[in-house]
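Have a look at the structure below, then the notes.
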Amino acid sequence: MLRIAIPNKGRLAEETRSLFDQAGLELVARGERALTASLGGVFEAILVRAEDIPEFVADGAADAGITGLDLIAESGRHLESLTDLGFGRCRLSVAATDTSGIREVADIPSGSRVATSFPRSTARFFASASIDVTLVPVSGAAEIAPHLGIADVIVDLVSTGSTLRVNGLHEVATILESSARVVIAGGDSEVSRPPDGRRRAIDDLVSALDSVICARGQRYLMANVHRDRLAEVQAILPGLNGPTVIDVMNGGDMVAVHAVVTAARIYRTISELRAIGAQGILVTRIERLVP
Ligand code: AMP
């Protein structure tokens, strides 16, 4: 049975679990503190810290893992990202105090002290900018470091930016845009070339997770319209491959049209369909969508 490493707590844990649930792979742990669980009886999950997942996958302790791109980059391990799951969005940014006068990276003088819990990514970034900095490693709350006088700038994760603002800091540069990824071992190691059957199982898993994510932004719409308005329906409802048209047993003048519509367009689509006399408009969520 393939082993998938998934985050046991933190920002990615809950969304990962609900994604697997919706893909039909319910996570059933053997106890409150169990470190392993069954994923729908198809995979074995190991429940570990998101930070440790790149190591476990690169070393072959897990066949695949779900973790943030920020942590993958920071691990320095060679991993292959199979898909972007779209949640856990944040960016790894350089920030300076509002009173520092620093507006862009070029304003950061060599010799500056940089507080961060991402030392590898930070070192890489400043090396490529040819700025010689001293790293001040912290395990969290880097925002406080400038106020304590132990750093001049920080490198930290930013989501809404409100933590920076309340601490009198502003973003100077983005090092990396992050979100949750499915990863497998990369490169030429034994671990990175799973036998065909295992690779197919991982590809099926990725396709199942993608199908849930793809479905979230879409709705299934059904409506009854007069047959002679079909040309207008086609303009309103492009659908995946154009709308499906089904006969309605009412003497032939009405047809049912079905189409997949992006959730963001539903409001406008309904009003356009009403304007051409559509009736019985029904909109439902889609559980999974494999385009
Ligand atoms: P915000 O105030 O929304 O910009 O969030 C910033 C704070 O949340 C910082 O302390 C970050 O370390 C933390 N943070 C934001 N996004 C993430 C993430 N995706 N994963 C872990 N920590 C995060």
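Numbering of ligands and ligand atoms starts at 1, following listing order. Quantities reported herein were computed from a predicted structural model and do not represent experimental measurements.
- Both the backbone and the side chain of Ser159 come within contact range of ligand 1, each with a heavy atom under 4.0 Å.
- The pair Arg165-Asp98 does not count as a salt bridge, with every side-chain nitrogen at least 4.0 angstrom from each carboxylate oxygen.
- Counting heavy atoms from C-beta outward, Thr116 and Val136 have side chains that stay 4.5 Å or more apart.
- Looking at Leu157, Thr160, Thr163, Leu164 and measuring to atom 21 (C) of ligand 1, the nearest heavy atom belongs to Leu157.
- Of the protein's heavy atoms, Arg11 CD, 3.3 Å lies nearest to atom 18 (C) of ligand 1.
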Exercise for review: Go through the steps to decide whether Thr163 and Val158 satisfy the test side chain to side chain contact (heavy atoms under 4.5 Å, CB included), and finish with yes or no.
Suggested key: CA-CA 8 Å; Thr163 307; Val158 181; over 6 Å; no
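- Using a cutoff of 4.0 Å between basic side-chain nitrogens and carboxylate oxygens, Arg200 and Asp204 are not scored as salt-bridged.
- When only non-hydrogen protein atoms are considered, atom 12 (O) of ligand 1 lies nearest to Asp156 OD1, 3.4 Å.
- Between the Arg3 side chain and the Ile46 main chain, no donor and acceptor come within less than 3.5 Å of each other.
- At a 4.0 Å cut-off, not a single heavy atom of Arg165 sits close enough to ligand 1 to count as contact.
- Looking only at heavy atoms of the protein, atom 19 (N) of ligand 1 is closest to Cys90 SG, 3.2 Å.
- The residues Asp152 and Arg113 are annotated as salt-bridged, a charged nitrogen and a carboxylate oxygen being separated by less than 4.0 angstrom.
- In Asp70, neither the side chain nor the backbone holds a heavy atom less than 4.0 Å from any atom of ligand 1.
- Ranking the protein heavy atoms by distance from atom 10 (O) of ligand 1 puts Glu143 OE2, 3.1 Å first.
- Taking hydrophobic clusters as Ile, Leu, Val, Met, Phe, Trp and Tyr residues chained together by side-chain heavy-atom distances below 4.5 Å, Leu205 shares a cluster with Phe87.
- Less than 4.0 angstrom separates some heavy atom of Val158 from each of these atoms of ligand 1: 4 (O).
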